[in-house]
Structure formats: C-alpha cells, structure tokens
Number of protein chains: 4
Amino acid sequence: MARPKSDDKRNALLLAAEQVFAQRGLAAAPTSAISKQAGVAEGTLFTYFRTKDELVNALYRSIKLDLADALMSRFPRQGPVRDRLEYLWNAFVDWGVANPQRLNVLDQLSVADTVSDESKAVGYEPFAEIETLAQTSIKTGVLQAYPVEFVAASMKALAETTMAFMTAYPAEATRYRKVGFEVFWNGVTGNTKS
Amino acid sequence: MARPKSDDKRNALLLAAEQVFAQRGLAAAPTSAISKQAGVAEGTLFTYFRTKDELVNALYRSIKLDLADALMSRFPRQGPVRDRLEYLWNAFVDWGVANPQRLNVLDQLSVADTVSDESKAVGYEPFAEIETLAQTSIKTGVLQAYPVEFVAASMKALAETTMAFMTAYPAEATRYRKVGFEVFWNGVTGNTKS
Amino acid sequence: MARPKSDDKRNALLLAAEQVFAQRGLAAAPTSAISKQAGVAEGTLFTYFRTKDELVNALYRSIKLDLADALMSRFPRQGPVRDRLEYLWNAFVDWGVANPQRLNVLDQLSVADTVSDESKAVGYEPFAEIETLAQTSIKTGVLQAYPVEFVAASMKALAETTMAFMTAYPAEATRYRKVGFEVFWNGVTGNTKS
Amino acid sequence: MARPKSDDKRNALLLAAEQVFAQRGLAAAPTSAISKQAGVAEGTLFTYFRTKDELVNALYRSIKLDLADALMSRFPRQGPVRDRLEYLWNAFVDWGVANPQRLNVLDQLSVADTVSDESKAVGYEPFAEIETLAQTSIKTGVLQAYPVEFVAASMKALAETTMAFMTAYPAEATRYRKVGFEVFWNGVTGNTKS
DNA sequence: CATGAATGAGGGTTCATTCAT
DNA sequence: AATGAATGAACCCTCATTCAT
C-alpha cells in the first residue's frame, strides 16, 4: 500500500514543518528539528516524505488546500457578485489572520525555489472555481474588461497586503478588512459606490 | 598604503551575489559560488563583507538604493497627483521589468530574516518622500482617507502583480502597465474616470 | 532502539585523540585526523562529542581517572607513611613510564585553556584521598609542617621530573625511581635516613 | 644586510607575541593579532620572522635569555654552595613572580612541539654554568651523588611549583620562597638543617 | 514500521603567507 | 621596508539521508 500506516504522523510532520519554518525560516530549518517537533525519530520523517523537498512541496499543497477549503466550503453559489466576492475576500483575509504562521509559511514557500511548478499548479487548482466566478461576472458586465487572471492576481495581492495590516494592527483589523475590499472593488469596477 | 580595497571588487561581489541568489535561491547559495562568480578567491569575499549576513544586508541596501534612484531621480515635484503617482508607478514597474533578477532577489530579501531591521529602515529612507506625497494627497482630498502606509503597500502589491504580467506577456506590457495603474488609481480614489 | 551508541567507538575516539594529540600536538590536531585514526566517519565524532572541546575535556577526565585508578586501586590503607607515599610515588611514576603518550597529553591538557575549570575539579576529585593521607601524616608529625597542597604539588613536580628521566634513560629507570623518591622524602621530612 | 632596520619593531613583535600567547593561548593566537598588538601591519611580521614557527622559536630563546640574565648576571662566583644555590633559587623565583605572563608563556612553549630541539639546546646554553656549579658541588660531596641534570631538573620543577604558590598566595610569597628552597636543599643534600 | 547512530559532502569562516602598491 | 588586500587550504561543524537494530 502506498499510504503509510499513520496519517496522524504525516499530519504531525506537516504541522511541525509549518511551525519550524515559521519560527526559524525555511532556509535554516533542519529536518531533525521538524521530526523532533513532531515527536518522531529523525529517520521516520523519511518514511513519510522521501526527501525534504517532498515534504516542502507536500506542505505547500496542504496549506493551499486548507486555504481553498476556507474559501470555498461555504461559498455562496447565489447572490450579487459583489457579495460573493466580498465573501471570498473576507474568508481569505480571516483565514490569514487566524493562521498567521501558516500564512507566513505560505509566503515563504511561494518564493522558495524548492516548490516545484507542478506543486504550484496543483495548489492553484482549487482556486479555479474562483476564476470561473470572476469570468462569469465580467461577462455580465459587472467588472471592467480586465483580463481575468489579472483581476484574480490583484485581489490576491491586495488581500495579502490587507492581512499584513490586520495582523500588524489587530485593533483595526475589521476596518482594514473593509477598506481593503473597497480598494479592490473600486479598482476593478471603477465604481465609487462602496 | 598597500593595495587599496577596490570598489570594483565590492560591486562585483554584490552583483555576483545577486546573480547567484536569483539562480539558486538565497538559502542554497554558498559564498564559494558567489566569490567564484565574482572572479575572486573565496577568502576575498570576507575582506569586503565580514560575514555572509553582512553581504546579504549590503545587497539589500544596494538594491533598494538602485530602485530609489530609478524612482526618485527624475520624479516630478510639481503637477497633478495622478500624474506624479503614475510617474512613480511607471518607473517602478519599468525598473522591475528591466531587472527581473534584481526584483526577484529583492522579494527574497524582503522576507529573509537575515536582513536586519536596521537595513530595512535604511532601505526605506529614500522612499519617505513618496509617503509625504501620498500624505499630502490625502489631506487635499484627492485620495480616500486610507492610511498612507496602506496605500503605499497596495501600490507596491499591485505594481508587483503588474510586473509579473508584463514579464509573462511582453507583447501586452504597455497595456498591463496602464491597466494596473488604473486599478490602483480607481481603487484608492474611488473614481471611475481613467 | 536503533543502533545503540557504542562504548567501543567512544573509547576508540578517546584513544585516537590521545594518539593524535601526542603526535601532532593539541593545537594542530584536526578532528578529521582523530576520526580517521578511530576508524569512523568525520561526522561520527560529533555524535559522541558535541564539540572538539567536549572531546578534549572528556579525554582529560578519562586520563585523570585512569591515573587515579593506577594510584588508588591497590593503595595500602595501612602501614608506615613512608611506605604508603612510596607506593603512590612508584605507582604514579610507573604509570607515566608505561604510558608516556598519555602522560604527554595530560601535560598538554593541563596547560590548555580548553580544559574547563569544572573538568579540572572533576579530574582532581579522586586524588582528594591522597591529600587526606598527607594531611593526616603531617598531623602525626612525620612530615614537616609544610602546607599540604604544597607538599602534594612538590611530589607531583618531582615525580614528573623523575618520569622524564626514566623515559629518557630506560636502563636506569629503577634507579631514578628510587632516587627521585629519596629527594622528595628527604625534602619534605628533612630527614637524612633513606 | 641580514639584520632588518628596526630592532624596536622586532622586540615589539616578540613582546606582542608574549602578551597574545599569554592571553589567548599559543594555539589560538593568530599572527594578525600579534602584529596588531605590536602596532605593525600584518605583513611586517613576516619581514622580521619568516614564519610563525620562527617567531615562536625566537620568543622561546628570548625568554630563556632574559631568564638567564636574571639568574646569572649577578650570580656570586664565590661563597658556600648553599648560598649560591639559594641565590639562584631566589633569582629564578622572583623573576617568575615578577613576570607571570612570561613564565606562563615559557611553560606553554616548553610543551609546544613547534619549539625545535635546536632552540631548546640554545635556550639551555646559558644555564650550563649552573650545571657546572652543581657538578663541582657534587664532587666536593656537598650534594648527594645524584646525576647533575636530575638535580637541576628537580630544582626547576620545585621552583616552578613554588612560583605557582607565590603567585596564588602573594601574602605568603616570602615564606613559600624559603620553604620551597628548604625542600629542595633538604632533598638533594639529605640534610636536616635548614 | 520506528528508531537514531552513521555517514561524508559541503558550508561559512579563519589564517599563515604572498605580493602589488 | 611597510602595508594590508588577496589567496586558498584547512578547520570545525551541520545536516539530509541511509541503514543496522
């Protein structure tokens, strides 16, 4: 069987990797520190992930999946585009604020060259539906005729900026969440109404 | 005096570091590869930079200075806010597209924990004027009453997104540059005119 | 458990260190030479001793323990003071002559600043009984009323001098052993009888 | 000309080496630290001493010469053996207490394998006269019929022990100096009179 | 499957020595 | 002669990975 015996251990290792990467930085994180944090022997890590790279890639996918779940599991399939986009925005931003460590690691991994293109593709997959939504919305004329990918990327970029501010100034978190979305919405609709 | 320390060699090392970091990632870049790329002996690197960390910080500052020069040296001190911001936008984005390697490394360094807070402060300094501009603009009501830092961060985030698209689709670079700025401008002004 | 840490290997490393230190001097002894001499990989040394310093200290303690054993394991708890001191003298001197390398390294380590005060304290412990003996002997008036520590130090100094001569002139070893003790005994008792 | 320009610099380097060796230990003393302490450039050291080893050997000889001067310059060529030996004893011991750093370095050098046999021979030369004295004394029956070298070595060993105690307990220095000599004299004469 | 000792290729850095200035 | 930058071989130690237990 391909799946090793204990999913618990695999998850423990992924979680440990996340913690260690967040604490010490992706670069300076030895596998020994990860296995220790996970409470398993050094060698055990390599029965769950053949190499450190594989672990890193698995973690990337896992975080992306988790984020996708946060965004999509309760995503409203009906209603005005603005509301649905704002739902996405809030879900994204709330996830990031609730999991600052995970967000931090995701940022590190997004720049790291150890994450393969394949992993990036796989990690993107669940977000395809969002793109579809945006595409539809544009076709109905609600959004400006900007390239869809560009709108999505802008949303992501602004959302991550927003998260950084929410984390830095927790007292103003709610305000930043709203303001951030306004900037995005105004930007891509060219509409003054908020 | 004996052989004086040569600026050429120092710059060669900084450039080499940039190249090696871009190629292999900040983490996996041995100093030996850097000195080799710079055409000096391994030990020579350490007469110019006491440690690898010091080299990394010097490179960060150097890139920031270069960027500041690109943005600020011809920056118009007069004229409509929109024009001046668009000037900044174009300068930034053009710099990034012209120096993708340098931008890439700057992104890596901005997340790296080896870059000290002091370096970040020093690197930020030349950009203070931009903040002043934004601040003034907000007071005069041209921009929405968003926190200045947030506007700056949003601009940066959207600009980097824009650069990625310009690099990916060079044929449409000019259009993306314009579109990106529109999104930013609409976003922070809430204005529909482009 | 996995492969347990082997005492054999630990001892092999200590012995190898002793040999390499004796041959090349404490200063110029690379850990690589030690592990090679011990027949293990370079990294293995560091699973038994976290640092080179730790190895040096362990070796110091080990030699001291060995010496203490040589002196004390058959030490006569009864009998005339002179006989008991002579026993100590002979045991010390015989040990040194039998283990010239070990003695040499001990001398090097005794001056080295890498040997911690703690190690020196631990290494001294087993010799405390000797001090007690001397103390008692002095109280009974057999030895002159010199400070105990001073008597002990003098004995050690003369013994090491003696060893050097025994090693240098093996044919006269027995005679030097006797003469050395006489000098010491006469010195601290001020007595002409031998 | 063989002799370099400045004897001052040569001496400064020797003194600097002594200080640095005393402070950091012979092993961990880079030539750069020595030249810095001497106030000359790194390369200058090598115009006065071709290699570090040569400097070490020169320092050894220099210290030995200094010590010999302290012992022999006012050494009484006449008088009872005991007085003359006591003069030597006091001169040696006073020198050591007055120059603890120099003594310390001498001890380090005496064990170091970088000091050549030739240097040791040269360093011993000025002390030959002492040997002659001892030799004569033995022939006249004042000293026991021990090998001369052995007596000399014993004297040295006891004197160094004494110095250690004088340095450790300065308040009792005078007493230790006297006691130490007694032990030595009694030892080698077998005489109870002090 | 789990364990952790064993491995050895690198990594950053030091340093004696050389040599251009 | 004096300087100190340049050199590159070592050095100590880390760490991903293997493998005996």
Side-chain angles (χ1 to χ4, degrees), chain A residues 1 4-6 9 27-36 39-56, chain B residues 1-6 9-10 27-36 38-56, chain C residues 1-6 9-10 27-36 38-55, chain D residues 1 3-6 9 27-36 39-56:
Chain A
M1 191 167 53
K5 208 167 162 188
S6 151
K9 257 171 207 161
T31 53
S32 62
I34 296 169
S35 38
K36 191 175 185 182
V40 302
E42 291 189 32
T44 302
L45 187 153
F46 292 90
T47 70
Y48 288 88
F49 306 95
R50 264 182 336 205
T51 65
K52 190 186 185 185
D53 267 26
E54 196 172 304
L55 166 63
V56 166
Chain B
M1 221 196 343
R3 237 174 307 183
K5 244 183 268 193
S6 120
K9 243 165 226 166
R10 200 187 129 93
T31 53
S32 61
I34 296 169
S35 40
K36 192 174 187 180
V40 300
E42 291 189 28
T44 300
L45 188 152
F46 293 93
T47 73
Y48 287 87
F49 307 95
R50 266 182 330 219
T51 63
K52 190 186 182 185
D53 267 26
E54 196 172 303
L55 166 62
V56 167
Chain C
M1 225 197 339
R3 237 174 309 183
K5 245 183 267 195
S6 122
K9 242 165 227 165
R10 201 188 127 93
T31 53
S32 61
I34 296 170
S35 40
K36 192 175 187 179
V40 301
E42 292 189 27
T44 301
L45 189 153
F46 295 92
T47 73
Y48 287 86
F49 308 95
R50 264 180 331 212
T51 64
K52 190 188 182 183
D53 266 27
E54 195 172 305
L55 167 62
Chain D
M1 192 166 51
R3 181 71 47 95
K5 206 165 161 191
S6 153
K9 255 171 208 163
T31 53
S32 61
I34 296 169
S35 39
K36 191 176 185 181
V40 302
E42 291 188 33
T44 301
L45 188 153
F46 292 91
T47 72
Y48 288 88
F49 307 96
R50 263 181 336 204
T51 65
K52 190 188 184 184
D53 267 26
E54 196 173 302
L55 166 63
V56 167

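In what follows, every chain begins at residue 1, and chains take the letters A, B, ... in the order their sequences are listed.
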Writing each nucleotide of DNA chain E 5' to 3' as (, ), [, ], | or . by Watson-Crick or G-U pairing under 3.5 Å yields .||||||||||||||||||||
Non-neighbouring partners of Ala33(C) that pass side chain to side chain contact (heavy atoms under 4.5 Å, CB included), sequence neighbours left out: Val20(C), Arg24(C), Pro30(C)
Tightest non-hydrogen contact, residues Leu55(D) and Leu45(D), listed as CD2-CD1, 4.2 Å
Nucleotide dA5(E), atom C1' - distance to CZ of Arg3(C) in whole Å: 5 Å
Indicate for each nucleotide in nucleotides 11-17 of chain E, in 5' to 3' sequence, whether protein heavy atoms under 4.0 Å reach the base (B), only the sugar-phosphate (S), or nothing (-). SSBBSBB
Thr44(D) side chain: which of dG8(E), dG4(E), dT3(F) is closest? dT3(F)
In Å and rounded to the nearest 0.5 Å, what is the CZ to CZ distance from Phe49(D) to Phe46(D)? 11.0 Å
Rounded distance in Å - NZ (Lys36(B)) to C1' (dT7(F)): 16 Å
Can you measure Leu45(B) atom CG to dG8(F) atom P for me and round it to whole angstrom units? 14 Å
When rounded to whole Å, the OH to C1' distance for the pair Tyr48(C) and dT7(E) reads 13 Å
May I have the distance from Arg10(B) (atom CZ) to dA6(F) (atom P), rounded to whole angstrom? 13 Å
Would you say dA1(F) has OP1 or OP2 under 4.0 Å from some side-chain N or O of Lys9(D)? no
Under the rule for side chain to side chain contact (heavy atoms under 4.5 Å, CB included), what residues qualify as partners of Ala27(B), not counting sequence neighbours? Ala27(A)
Whether Thr47(A) contacts dC1(E) is assessed here as follows: a side-chain N or O lying under 4.0 Å from the phosphate OP1 or OP2. Is that the case? no
Measure from NZ on Lys5(C) to C1' on dA6(E) and round the result to the nearest Å. 12 Å
Pairing residues for Tyr48(B) by the side chain to side chain contact (heavy atoms under 4.5 Å, CB included) criterion, not counting sequence neighbours: Lys5(B), Ser6(B), Lys9(B), Arg10(B), Leu13(B), Thr44(B)
Between CD of Glu42(C) and CD1 of Ile34(C), what distance do you get to the nearest 0.5 Å? 11.0 Å
